[in-house]
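Only heavy atoms go into these numbers, but all of them, side chains included; no hydrogens, no water, no symmetry mates.
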Amino acid sequence: MKTIKCLFVFILILMLGCVNNKPQSQEEKKSLPSYNGEIRIKGAYALLPLVQQWITEYQKLHPEVVFNLSPLGSGEVLPEIFSDTNDMVMISSELPDKLEATAWVFPVAKLSVVLIVNKNNPYWPQIHKNGIKKDDLAKLFTGEIATWGDLFGEAGKNPVSVYLRSDQAGATDVLSKYLWLENQELKGIGIVGEHLLMETIKSDPLAIAYCNFIYSFDSKTKTFIDPVSIIPLDLNQNGQLDLKENFYESFERLQRAMWLGKYPCTLNRPLRFVASEKPATNELHDFLKWIILDGQKLVPEMGYMELHSSEVQCCLSHIGK
C-alpha cells in the first residue's frame with residue numbers, strides 16, 4: 001500500500017511538472033515581440049549556400065517569414081555587426097577578441113578549406129600521385145617557387161598562376177594559419193568571391209588557389225567540378241601520398257576524412273551567426289532554433305560538418321529553449 005501511494009505521488013508530480021512547464025514556455029514565447037519586415041542577413045560566402053537552403057526549407061513551413069540574404073567577404077562584414085541595417089551577419093573568420101567579448105555569437109556549422117588546381121596542369125599526374133608538401137605550398141603562395149617546373153625538377157618551366165581571395169575572406173585566414181604565414185605574405189592575383197574564383201581556375205591550366213570545400217563539387221551529383229581538382233596533401237612530407245593520406249577520390253570519402261580529423265584540423269573552422277545582441281523576436285528565435293534542430297540534417301549533404309550533440313545543447317541554451 002505504501003508503494004502504491006508513493007507511485008501515485010510520483011505520477012502526480014510528473015503531471016504537475018508537465019502542466020507547469022507548458023504555460024511557462026508559452027509565456028516566454030509571448031514575451032518576445034513579433035518581427036516587422038524582412039529578416040536581414042549579410043555575410044560570408046562560405047555560409048551562403050547553406051543559409052540559402054535553410055531559408056528555402058524554412059519558408060515551406062513558414063511562408064509568412066521573409067528574408068533578405070546578401071553575401072559579403074567575412075572580413076568586410078565585421079563593421080556590419082553593429083549596424084541597424086542587419087539582424088545577423090554570417091562570419092567564417094576568427095573574431096577579434098574585443099568583438100568576441102561584446103557581440104552575440106551563435107555557431108551553426110563547420111567547413112573545410114581545400115587547395116585546388118586545374119587538372120590540365122602538365123604536372124597533374126605527379127600532383128595526383130604524390131600530393132604536395134605543406135612547405136612547398138607555402139613557397140608557391142609566397143612566390144618563392146615561381147614555376148611548376150621548379151617544383152618538379154624542371155627549372156623555369158610553366159609559371160605558376162597564384163590566385164587569392166581579395167575580399168578579406170575567412171578562407172584566406174584559414175590557409176595562412178595552415179601554412180604558418182601572415183595574410184600579407186601571400187602573393188597572387190586577387191579575385192572577389194568564390195564563383196568567379198572557380199571560373200578563373202577552370203580557364204587557367206597553370207593555376208593554384210584555395211576555396212571552401214562546398215564550392216569544389218556539384219551539390220546535386222556530389223562530383224568534383226571538372227577540370228578543377230583538389231590538391232592531395234602530403235601530410236608527413238615524405239614526397240609521396242601514403243595510403244592513410246589518400247582520401248581524395250570522392251566527395252563522400254573526403255568529407256568523412258574531414259569529419260574524422262584525418263584531414264588537417266587547421267583547415268577546418270566554425271561558421272557562425274553574429275549579432276550586436278541576442279535576437280529578441282519570435283521569428284528570429286524560431287528560425288535559429290529550427291537551424292539547430294531540424295536544419296542540421298541538411299548540413300552534411302551540403303558539404304559542411306554538422307554540430308556535435310553537446311554543441312547543439314549549448315546553442316539551444318544560448319537562445320533559450
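Residues N268 and L111 form no side-chain contact, since every pair of their non-hydrogen atoms from C-beta on lies 4.5 Å or further apart. Here the side chains of I39 and I55 are not in contact, with every heavy-atom distance at 4.5 Å or above. P107 is listed as a side-chain neighbour of C315, based on a closest heavy-atom distance under 4.5 Å. Looking at heavy atoms from C-beta onward, E252 lies in side-chain contact with K222 at the 4.5 angstrom threshold. Using a 4.5 Å cut-off on side-chain heavy atoms (C-beta onward), V108 and R272 make no contact. I231 has its side chain out of reach of I116: every pair of non-hydrogen atoms, C-beta onward, lies at least 4.5 Å apart. Under the 4.5 Å side-chain criterion, counting only non-hydrogen atoms from C-beta, S176 is not in contact with E185. Under the 4.5 Å side-chain criterion, counting only non-hydrogen atoms from C-beta, R165 is in contact with Y45.
To the nearest 0.5 Å, the span separating CG on L288 from NZ on K278 amounts to 10.5 Å. For the atom pair T147 OG1 and L140 CG, the distance stands at 9.5 Å (nearest 0.5 Å). Between the CG atom in L196 and the OG atom in S166 there is a gap of 8.5 Å [rounded to 0.5 Å]. To the nearest 0.5 Å, the span separating CG on L50 from CD on Q296 amounts to 8.0 Å. For the atom pair CG of L137 and OG1 of T142, the computed distance is 10.5 Å after rounding to the nearest 0.5 Å. The CD1 atom of I127 sits 4.5 Å away from atom CZ of F152, with the distance rounded to the nearest 0.5 Å.
By the rule that hydrophobic residues join a cluster once side-chain heavy atoms approach within less than 4.5 Å of another member, I189 and L164 end up as members of one cluster. L241 and I208 are assigned to two separate hydrophobic clusters, defined by single-linkage of ILVMFWY side chains at heavy-atom distances under 4.5 Å. Note on L72 and F82: same hydrophobic cluster, where clusters join Ile, Leu, Val, Met, Phe, Trp and Tyr whose side-chain heavy atoms are under 4.5 Å apart, directly or indirectly.
A donor-acceptor contact shorter than 3.5 Å links the side chain of D87 to the backbone of R40. Using modelled atom types, no side-chain atom of Q53 and backbone atom of L298 make a donor-acceptor pair closer than 3.5 Å. Side-chain atoms of N118 come within 3.5 Å of backbone atoms of I201 as a donor-acceptor pair (strictly under, hydrogens ignored). Panel note: side chain W148, backbone Y123; no donor-acceptor pair is recorded below 3.5 Å. Judged by distance alone, the side chain of Q237 and the main-chain N or O of K133 form no donor-acceptor pair under 3.5 Å.
Applying the 6.0 Å contact sphere to CD of Q184 captures more than 12 heavy atoms from other residues, nucleotides or ligands. Atom NE2 of H128 has 12 or fewer neighbouring heavy atoms from other residues, nucleotides or ligands inside a 6.0 Å radius. Surrounding CD of E94 are at most 12 heavy atoms belonging to other residues, nucleotides or ligands under 6.0 Å away.
D234 and Q240 are not linked by any side-chain donor-acceptor pair at a separation below 3.5 angstrom, with hydrogens and angles left out of the test. Checked by atom type, the side-chain pair Y210/T172 shows a donor-acceptor distance below 3.5 Å. Side-chain N/O atoms of N236 and D242 include a donor and acceptor closer than 3.5 Å. Side chains of N212 and R269: a donor on one and an acceptor on the other come within 3.5 Å. Remark: the D173 side chain and the N183 side chain contain an N/O donor-acceptor pair separated by less than 3.5 Å.
Nearest heavy-atom pair across G295 and W54 is O-NE1, 2.8 Å. The shortest heavy-atom contact between K262 and F247 is O-CZ, 3.9 Å. Taking all atoms of both residues into account, the shortest heavy-atom contact from A138 to L179 is N-CD2, 4.0 Å. The shortest non-hydrogen separation linking S92 to A46 is CB-CB, 3.8 Å. Taking both residues in full, the closest heavy atoms of L197 and C211 are given as CD2-CB, 4.2 Å, listed atom of the first, atom of the second, then distance. Across all their heavy atoms, E80 and N86 have their closest contact at OE1-ND2, 2.8 Å.
Annotation: cation-pi geometry not satisfied between R256 and Y263 (NZ/CZ under 6.0 angstrom from ring centroid, within 45° of ring axis). Taking the ring centre of W124 as origin, the terminal cationic atom of K129 falls outside the region bounded by 6.0 Å and 45° from the ring axis. By the 6.0 Å and 45° rule, K110 does not stack over the aromatic ring of Y304.
Note: F213 and F217 have tilted aromatic rings, judged against thresholds of 30 and 60 degrees for the angle between ring planes. Ring geometry for F287 versus Y58: interplanar angle over 60°, hence perpendicular rather than tilted (30 to 60°).
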Working note: V312 + L316, criterion side-chain contact (heavy atoms from CB on, under 4.5 Å); need CA distance, chi angles, decisive distance, verdict. CA-CA 6 Å; V312 168; L316 290 175; 4.2 Å; yes

List the steps and the verdict of side-chain contact (heavy atoms from CB on, under 4.5 Å) for L235 and K244. CA-CA 10 Å; L235 300 176; K244 63 182 180 181; over 6 Å; no

Step by step, work out the side chain to side chain donor-acceptor pair (under 3.5 Å) result for S161 and D204. CA-CA 8 Å; S161 302; D204 188 347; 3.0 Å; yes

Applying side-chain contact (heavy atoms from CB on, under 4.5 Å) to S250 and R253, what does each step give before you reach the verdict? CA-CA 5 Å; S250 69; R253 192 170 178 200; 3.3 Å; yes

Determine, stepwise, if the pair L233 / L267 fulfils side-chain contact (heavy atoms from CB on, under 4.5 Å). CA-CA 11 Å; L233 302 176; L267 285 173; 3.8 Å; yes

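Checked against the 6.0 Å centroid threshold, H308 and W259 count as a close aromatic pair.
Under the ring-ring contact (aromatic ring centres under 6.0 Å, His included) criterion, F106 pairs with W104, not counting sequence neighbours.
A salt bridge does not link K297 to E306: none of the charged nitrogens lies less than 4.0 Å from a carboxylate oxygen.
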